[in-house]
Amino acid sequence: MTIKVLVADDHELLRDTLELYFQQSDGVDADFVGDYPSALEKMQGETEYDLVLLDYSMRGMNGLEGLKAALDVAGSNRVALMSGIAPRDVAAEALNLGAAGFVPKTLSAKSLLSAVRFMAEGERYAPIDFLMGEDQTSLANPLAEKLLSREVQVLRRLRAGMSNKEIARELGVTEPTVKLYLKSLFRKINVNNRTQAALFAQ
């Protein structure tokens with residue numbers, strides 16, 4: 001049986017990667033959009049989706065408020081969140097609101113596909129090791145003593161290939177503030193540029 005999926009994420013590379021992977025997988029028919037308003041428009045159209053996968057921090061989403069609105073218009077569509085930066089309490093609250101699941105972007109493509117199938121079939125999904133593990137904003141190494149939590153958040157986004165503008169938007173700060181965090185971060189981890197920092201984070 002083929003499942004119909006809508007993926008909404010404003011990172012083009014992620015969309016392209018998932019689209020290629022889904023195309024190579026039997027039984028998955030996926031549509032992709034790059035922002036929250038487009039996702040709502042699709043959900044209210046003629047196509048019925050077995051699962052709608054929304055990025056927690058994409059343009060227009062406004063976090064859990066966007067999830068609530070999506071659930072209100074979902075009808076028979078099941079809605080789940082995915083994120084590379086949301087902490088455990090956000091994942092738990094999303095499930096409490098009625099989301100079909102929470103998918104960390106750290107999952108492999110194979111695991112993500114399994115999660116999508118699982119949720120599309122009517123089950124709820126959230127990785128136990130994520131819900132029970134350490135908070136995503138902490139580092140399990142000595143650098144945790146050197147880096148501010150904001151610097152950790154910036155470093156994670158550098159690893160994801162985000163620009164200063166995108167980082168500022170997600171963290172709710174200005175671009176000059178992001179540049180200050182970067183300057184401090186580079187000094188603390190002893191690198192000279194974004195590429196070196198991203199490789200260090202990886």
> Would you say Tyr125's side chain and Phe118's backbone share a donor-acceptor pair under 3.5 angstrom?
Replying inline: no

>> Counting only heavy atoms not in Gln23 (residues, nucleotides, ligands), do more than 12 fall under 6.0 Å from its CD?
In response: yes

>> Just checking Gln196: does its CD atom have more than 12 heavy atoms from other residues, nucleotides or ligands closer to it than 6.0 angstrom?
In response: yes

>> Is it the case that the side chain of Ser25 and the backbone of Tyr21 share a donor-acceptor pair, with hydrogens and angles ignored and the cut-off at 3.5 Å?
In response: yes

>> Tell me whether Arg194 contacts the main-chain N or O of Leu158 through its side chain, where contact means a donor paired with an acceptor under 3.5 Å.
In response: no

> Around atom CG of Asn193, are there more than 12 heavy atoms of other residues, nucleotides or ligands at under 6.0 Å?
Replying inline: yes

> For Gln153, does its backbone N or O pair with a side-chain atom of Arg157 as donor and acceptor, under 3.5 Å?
Replying inline: yes

>> Hydrophobic cluster membership, with links at side-chain heavy-atom distances under 4.5 Å among I/L/V/M/F/W/Y: are Tyr49 and Val73 in one?
In response: yes

> Any donor-acceptor pair under 3.5 Å linking the side chain of Arg15 with the backbone of Phe32?
Replying inline: no

> Is the backbone N or O of Leu180 less than 3.5 Å from a side-chain atom of Ser184, with the two atoms forming a donor-acceptor pair by type?
Replying inline: no

>> Would the distance check show the side chain of Asp55 and the main-chain N or O of Met58 forming a donor-acceptor pair, the cut-off being under 3.5 Å?
In response: yes

> Is the backbone of Glu123 close enough, under 3.5 Å, to the side chain of Arg78 for a donor and an acceptor to pair up by distance?
Replying inline: yes

>> Has Asp10 got a side-chain atom pairing as donor or acceptor with Arg59's backbone, closer than 3.5 angstrom?
In response: yes

